[in-house]
Number of protein chains: 2
Amino acid sequence: MHANVKQNVIPITAPGLKVACSQCNLRELCLPFGLSENDMGRLDNLIGGGRKLKRGQHLYRAGDHFESIFAVKAGFFKTDVLTEDGRDQVTGFQMAGEILGMDGISTEVHTCNAVALEDSEVCLIPFTELEMLSSEIHSLQHHLHKVMSREIVRDHGVMMLLGTMRAEERLAAFLLNLSQRFTARGYSPAEFHLRMTREEIGSYLGLKLETVSRAFSRFQDEGLISVQQKHIRILDIPRLKALLAPPDGRIG
Amino acid sequence: MHANVKQNVIPITAPGLKVACSQCNLRELCLPFGLSENDMGRLDNLIGGGRKLKRGQHLYRAGDHFESIFAVKAGFFKTDVLTEDGRDQVTGFQMAGEILGMDGISTEVHTCNAVALEDSEVCLIPFTELEMLSSEIHSLQHHLHKVMSREIVRDHGVMMLLGTMRAEERLAAFLLNLSQRFTARGYSPAEFHLRMTREEIGSYLGLKLETVSRAFSRFQDEGLISVQQKHIRILDIPRLKALLAPPDGRIG
DNA sequence: CGCAGTTTTGATTCATCTCAATTTGTGTGG
DNA sequence: CCACACAAATTGAGATGAATCAAAACTGCG
């Protein structure tokens, strides 16, 4: 019953690098969420070993054939889209426990680039096999759907940000979002290192890097945060949150 | 084997309104894409009758409990998100064959509103049952994943638009997108009625309604389109496309 | 220690927003 | 069927937030 095909699964990219969901401290954030011991073991067998990336390396590029989705095991990524005419839009930043690559499912070809912003490691999840397994394990299927849906909801949030907020509101929302995600991973909500440049933040927020820099400076002047290059300390979370409500509380 | 529970399925919302995927001329655009005759029949059994909506009616609201996704059978919808502080962002416009409601999967609660912009009709697809069926029919499962992934990719396109484009580029992209979708449904690529107001277009594009109106007027002055309120005729598709490349072809 | 990439800051320009007035269209009820 | 009222769209003038252009300062890497 559990003498399965495990012996055939040889991790190609990083031999000897054991990544078992059941042993992973991210399992509550990641794809195996809610699985039984036994089902988690079946997922382990499917996951094709880890892959390590140096800072700056691409996990995949727009145009690459889609085969797998990826779970961030450690490190930090950005995804971005670029058009023929040279426009570049960062569509997201991904940290441990988050899933990358779902853009490729629809056409079997990735539509964006995923780049490691620091030395990182991902778990490789072959998608066809994931589909096969998820048709047997209902909770896995449902969780996969939740993960994809969550991505859609997140994207709506970014649209809201880009469509309705002013520069400082965008940056405040961005910092609070990071803070909240770091918290969920057991890190300080108030103090963290940004892994991305001002230009990448700007691209994500639909702003120029100078505008991002100015907003940081102003937040610092006002005592909301302290900034030292990429090191951020949030000094006044409530007041930062208050920035998200427009200055004149326009209601109804 | 096929004497199933059909006799128990009583369409609640619109008795007698038969909606069979196998008979639907949208099946190539919609969820049943790629299914065999037999599998399509099984999908038919699951789909809980049609629901008609008058213009202005909500299909669902943010906060509603999630149970089903919906396929637009006829008509036109918008989805929008609103925040506590009164911001309103249109996240999409949906037409025949497109799927609505996937935002609700992640938390079992809808996070946006879906409103009919004209008298419309949807097919109701109970999600739990769809998951059950899709674990049996592999091509259905895969197509569902494709539909969700396509939504993610579409959202990235909107981010690109909101993050990098200027007002007239946004409107040009919007018109070309509509044109392309109408074409796919057998309508004229060049002539159509907008179902949404300038304000709704503006919300979607991250612009004020006046800016949308001005951009329309300018396009008309330049002979790109002809505008009569909501009636649009695109006169010069190539030149409209050319607007999307930035004025100075910034490359590399 | 020096250089390249990144960030900060300043001065100016420009696109879009805001406020306001007018026109046009639409639906309703007499 | 027409008139009225209300919603939607257009257009103008002026204000403003962010972009652009430019230069200097800082950081970290080799």
Side-chain angles (χ1 to χ4, degrees), chain A residues 54-56 78 86-90 115 117-119 161-174 193-222 225-232 243 246-248 250, chain B residues 54-56 78 86-90 115 117-119 161-172 174-175 193-222 225-232 243 246-248 250:
Chain A
K54 286 279 172 201
R55 180 181 157 192
K78 72 164 177 182
R87 281 178 229 268
D88 184 0
Q89 174 72 31
V90 171
V115 186
L117 295 181
E118 61 180 350
D119 294 359
L161 179 144
L162 292 171
T164 74
M165 293 187 186
R166 301 199 286 95
E168 294 189 0
E169 296 171 332
R170 295 183 198 189
L171 189 64
F174 173 69
H193 255 87
L194 299 174
R195 314 299 165 149
M196 69 296 279
T197 65
R198 301 288 189 264
E199 187 168 19
E200 288 163 334
I201 297 172
S203 172
Y204 181 61
L205 299 179
L207 302 169
K208 292 294 162 182
L209 68 96
E210 296 95 326
T211 306
V212 174
S213 178
R214 275 184 246 273
F216 270 128
S217 299
R218 185 190 270 245
F219 283 176
Q220 180 158 245
D221 292 348
E222 294 185 354
I225 64 176
S226 106
V227 190
Q228 244 164 331
Q229 298 291 128
K230 294 201 153 78
H231 187 85
I232 302 288
L243 271 186
D248 57 330
R250 71 180 84 110
Chain B
K54 286 277 171 203
R55 180 182 157 189
K78 73 164 176 182
R87 282 179 229 269
D88 184 359
Q89 173 72 31
V90 171
V115 186
L117 296 182
E118 61 180 351
D119 293 0
L161 180 144
L162 292 171
T164 75
M165 293 186 185
R166 302 199 287 94
E168 294 189 0
E169 296 171 332
R170 294 183 198 189
L171 188 64
F174 173 70
L175 290 174
H193 257 88
L194 299 174
R195 314 298 167 154
M196 69 295 281
T197 66
R198 299 288 189 264
E199 187 169 19
E200 288 163 335
I201 297 172
S203 171
Y204 181 61
L205 299 178
L207 302 169
K208 292 292 162 185
L209 68 97
E210 296 95 326
T211 306
V212 173
S213 178
R214 275 184 247 272
F216 270 127
S217 299
R218 185 190 271 246
F219 283 176
Q220 179 159 246
D221 293 348
E222 295 186 355
I225 64 176
S226 107
V227 189
Q228 244 164 332
Q229 298 290 129
K230 294 200 154 76
H231 187 85
I232 302 288
L243 272 186
D248 57 331
R250 72 181 85 111

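Residue numbering restarts at 1 for every chain, and letters A, B, ... go by the order of the sequence lines. Note that the structure is predicted; figures quoted are calculated from it, not measured.
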Contacts of type salt bridge (charged side-chain N to carboxylate O under 4.0 Å, His left out), residue B/Glu200, not counting sequence neighbours: B/Lys78
Trace of the side chain to side chain contact (heavy atoms under 4.5 Å, CB included) decision for A/Glu169 with A/Leu161: CA-CA 8 Å; A/Glu169 296 171 332; A/Leu161 179 144; over 6 Å; no
For D/dT10, does OP1 or OP2 lie under 4.0 Å from any side-chain N or O of B/Arg218? no
Could I get the full list of side chain to side chain donor-acceptor pair (under 3.5 Å) partners for A/His231, not counting sequence neighbours? A/Glu191, A/His193
Which angle, rounded to 10°, do you find between the first-five-pair axis and the last-five-pair axis of the helix from C/dC1-D/dG30 to C/dG30-D/dC1? 50°
Looking at B/Ser213, does any N or O in its side chain come under 4.0 Å of the phosphate oxygens OP1/OP2 on D/dT10? yes
Measure the distance from CZ on B/Phe219 to P on D/dA9 and round it to the nearest whole Å. 17 Å
Would you tabulate the nitrogen or oxygen pairs shorter than 3.5 Å linking the protein to nucleotides 3-5 of chain C?
none

My understanding is that only residues two or more places apart in sequence, or in another chain, count here; which of them pass side chain to side chain donor-acceptor pair (under 3.5 Å) with A/Glu222? none
Minimum heavy-atom distance B/Leu162-B/Arg170, with the two atoms named: O-NH2, 3.2 Å
What integer distance in Å separates B/Leu162:CG from C/dT16:P? 13 Å
Filter on side-chain hydrogen bond (donor to acceptor under 3.5 Å, both in side chains), then keep only pairs touching residues 202-219 of chain A, sequence neighbours left out; what's left? A/Arg154-A/Tyr204, A/Glu168-A/Arg218
Think A/Lys230 has a side-chain N or O under 4.0 angstrom from the OP1 or OP2 of D/dG28? no
Whole-Å distance, A/His193 NE2 to C/dT7 P, equals 12 Å
Can you list the residues that meet the salt bridge (charged side-chain N to carboxylate O under 4.0 Å, His left out) rule with B/Asp88, with sequence neighbours excluded? none
In the structure I gave you, are the side-chain heavy atoms of B/Leu205 and B/Leu171 within less than 4.5 Å of one another anywhere? yes
Could you tell me how far apart B/Phe216 (CZ) and D/dA9 (P) are, to the nearest whole angstrom? 9 Å
Strand contacts (DNA chain C) in residues 195-202 of chain A, 4.0 angstrom heavy-atom criterion: A/Thr197, A/Arg198
With sequence neighbours excluded, residues passing side chain to side chain contact (heavy atoms under 4.5 Å, CB included) with B/Gln220: B/Ser226, B/Val227
Quick one: side chain to side chain donor-acceptor pair (under 3.5 Å) partners of B/Arg195, sequence neighbours excluded? B/Glu118
Separation of C/dC14 P from B/Glu169 CD (nearest whole Å): 17 Å
Taking atom P of C/dT23 as reference, at what distance in whole Å does atom CD of B/Gln228 sit? 19 Å
Below 3.5 Å is the cut-off: list the nitrogen or oxygen pairs between protein and nucleotides 15-19 of chain D, distance only.
{"from": "D/dA18", "atom 1": "OP1", "to": "A/Ala167", "atom 2": "N", "distance (Å)": "2.5"}
{"from": "D/dA19", "atom 1": "OP1", "to": "A/Lys208", "atom 2": "N", "distance (Å)": "3.4"}
{"from": "D/dA19", "atom 1": "OP2", "to": "A/Lys208", "atom 2": "N", "distance (Å)": "3.3"}
{"from": "D/dA19", "atom 1": "OP2", "to": "A/Thr211", "atom 2": "OG1", "distance (Å)": "2.2"}

Measure across B/Gly56 and B/Val115 and return the closest heavy-atom pair with its distance rounded to 0.1 Å. O-CG1, 3.6 Å
Between A/Ile201 and A/Phe216 the two heavy atoms that sit nearest each other are CD1-CE1, 4.1 Å
Write down the distance between CD (B/Gln229) and C1' (C/dT26), rounded to a whole number of angstrom. 10 Å
Work out which heavy atom in A/Thr164 is nearest to a heavy atom in B/Arg87; give both atom names and the distance. OG1-CD, 2.9 Å
So CD1 of A/Ile232 and CG of A/Leu194: to nearest 0.5 Å the spacing works out to 4.5 Å
